[in-house]
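Structure, as structure tokens:
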Amino acid sequence: MRKRRSSAAPPLEEIAGNGLLHRRALLSGGIVLAGAMASGAAATQAAAEPLKDPPWSLQPGDVTPVLQTPSRFEKNVVRILSNPKGEPRTQHARAPLQYLDGTITPNPLHFTILHSGIPDIDPAAHRFVIHGMVREPLEYTVEALLRYPLVTRKHFVECGGNSAGMFSNAPLQATVQQLHGLVSCAEWTGIPLSTILDEAGTDPKATWMIAEGADSLLVNRSVPLQKGYEDAMIALYQNGERLMPGNGYPMRLLLPGFEGNMNTKFLRRILITDQPAMTFYETRNYSPLLPDGKAYRFYFIDEVKSFITKPSFGMNLKEPGYYEISGIAYSGTGTITKVLVSADGGKSWGEAAVEGPAAPKAFTRFRMPWRWDGQPAIITSRAWDDSGAVQPLRADFVAKRGETEEPVKSPYGFPNQHYNSLTCWGVDAKGQIKHVYV
Amino acid sequence: MLLAALLALVYSPPAARAAANTPGLGKPISPSDLKAWDITVLPDGTGLPPGSGTAAQGAKLFDDKCALCHGQGAKGGIANMLIGNPSLTAHGIASNKTIANFWGQSTTLFDYIRRAMPWPAPRILSDDDVYALCAYLLAGNKLIPEDEPMNAQTLPKVKMPNRDNFIIKFPDRI
């Protein structure tokens, strides 16, 4: 087998332990393909069968629908719901990130969290007001806001509680979707918030803005006013179409890099103040406990993070040979500059190809060619951003933030918030993938 | 008219000049028109309305409108306990955060109950009702005497035991 492959293609340069290949292999696709085909053929030894026309090629197809939905063969590519009957508690819908590629989460699959269901908002009757420490309190209709000069930017939004199962003291056996599905990335189009702040004329002594939604709980969060002037947006469109109802239709606050709950959906009011409101959601839910019983407050930022989406838990490797390791990296403090991948549990690392140009505070796709030799391997990734931030190793993260005393049983609970350390997938000799800690 | 407009252009403060370059499609709104939505309560008590309520009044309201989810005596049910003081380290970093052991500000209670509760039918409570429920929950947690009424003066003065146990994570972003 080994001989045949090396005679079919030049040997690929290994850059780290357990078969990680130089990312150059991705650029010169032909070489990789030759290698992969040779090893694939060697593994199966099956000759190709004569081709014939399948049934769908022998008759005209279906009628075109007004709104496209994915092929029926992609039925499993849906969100996982934490509260499908709408009981009186929060509803989470986790995105199937392990089945997606690229950097954009399609709108029907974008993660959502609703604390009291999705309000059915008539955009013609929706009002937005800005008041408090301003020269002039103003009220806007959605129709008026749609006339403003718009900007488009790609940004991830991540729940502060995403990856909470990773706080478990024993690795939860769960998919990428179950562990990390409360993050998504979209192209948002809207009005820079600074335009509206200027129109209302904020008082120079003002330091905070309290954003509030039109949902039944009127979910409210305090946001530093400097973020409002920096890169905040009133988003009206998501990936080219108007916002999904679960993502805040008809308008939401977008605070690039800040935890999801602060990105107020169904935005109806901004109160300008000189102090934070200390709302329930910021002082209770999103103030994570530390091991000594103290807690972080105003943990605004979702810090630099990455995880491998493919291959991952639930996808088993059928045979030794060539695979592409691929995943997403993102950071609330900047632009991803580097992702390292390991196939030997962090003993040696190779630099992954980062698809560019990487955008700030957005998903960045990384890829690493890998030749799995059929031996046990542990694959993992680690990301860096242009602010100098680096994804912490688990031992360092746990030393600071702690882990649970008992193993977490459900991936849908929230033992704590703001996990951004590594995720490791252990591949055994049969190609089965488990979630492991190293 | 024209003169006034010209003068406004010349003498306008910086914010107003910036606004002149934007569409300016917002309509001025008066405080009275804003009133129904102007419900944010700040930690110094700004925004607290007139009114008052006691723990005894609150107990009745709670049985009627809240116990279904938060349990008899607010000890917890399908929604979190509102009276109870478990240790903040009982389950390490996954310990239950309650009003007694975690909340930093008493004003949050008024703000949240008025805007959000009871969960199935928010904003059916009068301001007196909300003060009474605050008194009931604070007295039940032994944070105020049983007979101390809660109102715009007394509520912000209630010191929450955990108030000083928070670390600002990103001070340079504020």
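Small disclaimer: the values here were computed from a predicted structure and weren't measured. Letters A, B, ... are given to chains in the order of the sequence lines, protein chains preceding strands, and every chain is numbered from 1.
Here B/A94 is the residue among B/A94, B/G47, B/P120, B/P31 with the most heavy-atom pairs under 4.5 Å with chain A. Note on B/G92, B/P43, B/S87: by heavy-atom pairs under 4.5 Å with chain A, the leading option is B/P43. Put simply, of B/T108, B/V41, B/T89, B/D33, the one with the most heavy-atom pairs under 4.5 Å next to chain A is B/T108. For the set A/K227, A/K294, A/E406, the count of heavy-atom pairs under 4.5 angstrom toward chain B peaks at A/K294. For the set B/T98, B/L42, B/L88, the entry with the most heavy-atom pairs within less than 4.5 Å of chain A is B/L42.
B/K97 places a side-chain N or O within donor-acceptor distance of the main-chain N or O of A/S287, the cut-off being under 3.5 Å. With hydrogens and angles ignored, the 3.5 Å screen pairs no side-chain donor or acceptor of A/E139 with any backbone N or O of B/I29. Of the possible donor and acceptor atoms, none in the side chain of B/Y112 sits under 3.5 Å from a partner among the backbone N and O of A/Y281.
Only the backbone of A/R401 comes within contact range of chain B, with heavy atoms under 4.5 Å apart. Contact annotation for B/W37: both backbone and side-chain heavy atoms come within less than 4.5 Å of a heavy atom of chain A. Neither the backbone nor the side chain of B/T107 comes within contact range of chain A, judged by heavy atoms closer than 4.5 Å. Both the backbone and the side chain of A/L290 come within contact range of chain B, judged by heavy atoms closer than 4.5 Å. Of the two parts of B/I39, the backbone and the side chain both hold a non-hydrogen atom closer than 4.5 Å to a non-hydrogen atom of chain A. Using a 4.5 Å cut-off between heavy atoms, A/T207 makes no contact with chain B at all. The parts of B/D44 that come within reach of chain A are both its backbone and its side chain, each placing non-hydrogen atoms under 4.5 angstrom from that chain. Proximity to chain B (any heavy atom under 4.5 Å) is restricted, for A/I210, to the side chain, taken from C-beta onward. Only the backbone of A/P276 comes within less than 4.5 Å of a heavy atom in chain B; its side chain stays farther off. For B/I93, the parts lying near chain A are the backbone and the side chain together; criterion is any non-hydrogen pair under 4.5 Å. Interface remark: A/E282 contributes no atoms to any contact with chain B (heavy atom separation under 4.5 Å).
Residue-level contacts of residues 407-421 of chain A with chain B, in order of numbering, are A/P415, A/N416, A/Q417; threshold 4.5 Å between heavy atoms. Residues of residues 121-147 of chain B that come closer than 4.5 Å to chain A, counting heavy atoms only, are B/P122, B/R123, ordered by residue number. Interface residues of residues 157-174 of chain B toward chain A, defined by a heavy-atom distance below 4.5 Å and sorted by number: B/N165, B/F166, B/I167, B/I168, B/K169, B/F170, B/D172, B/R173, B/I174.
The side-chain heavy atoms of A/R147 and B/P23, taken from C-beta on, include no pair separated by under 4.5 Å. When side chains are defined from C-beta on, B/L25 does not count as touching A/L145, because their heavy atoms never get closer than 4.5 Å. For the pair A/R284/B/I99, no side-chain contact is recorded, criterion being any heavy-atom separation below 4.5 Å from C-beta on. Annotation: side chain of B/T40 is not in contact with side chain of A/T273 (no heavy-atom distance under 4.5 Å).
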**Prompt:** How far apart are the C-alpha atoms of B/R115 and A/E212, what are their side-chain angles, what is the distance that settles it, and do they pass the side-chain contact (heavy atoms from CB on, under 4.5 Å) test?
**Reply:** CA-CA 10 Å; B/R115 74 176 50 243; A/E212 177 182 286; 2.9 Å; yes

Enumerate donor-acceptor pairs with a distance under 3.5 Å from any side-chain N or O in residues 56-78 of chain B to protein atoms, sequence neighbours excluded.
residue, atom, partner, partner atom, Å
B/Q57, OE1, B/T54, N, 2.8
B/Q57, OE1, B/T54, OG1, 3.3
B/H70, ND1, B/N80, O, 2.8

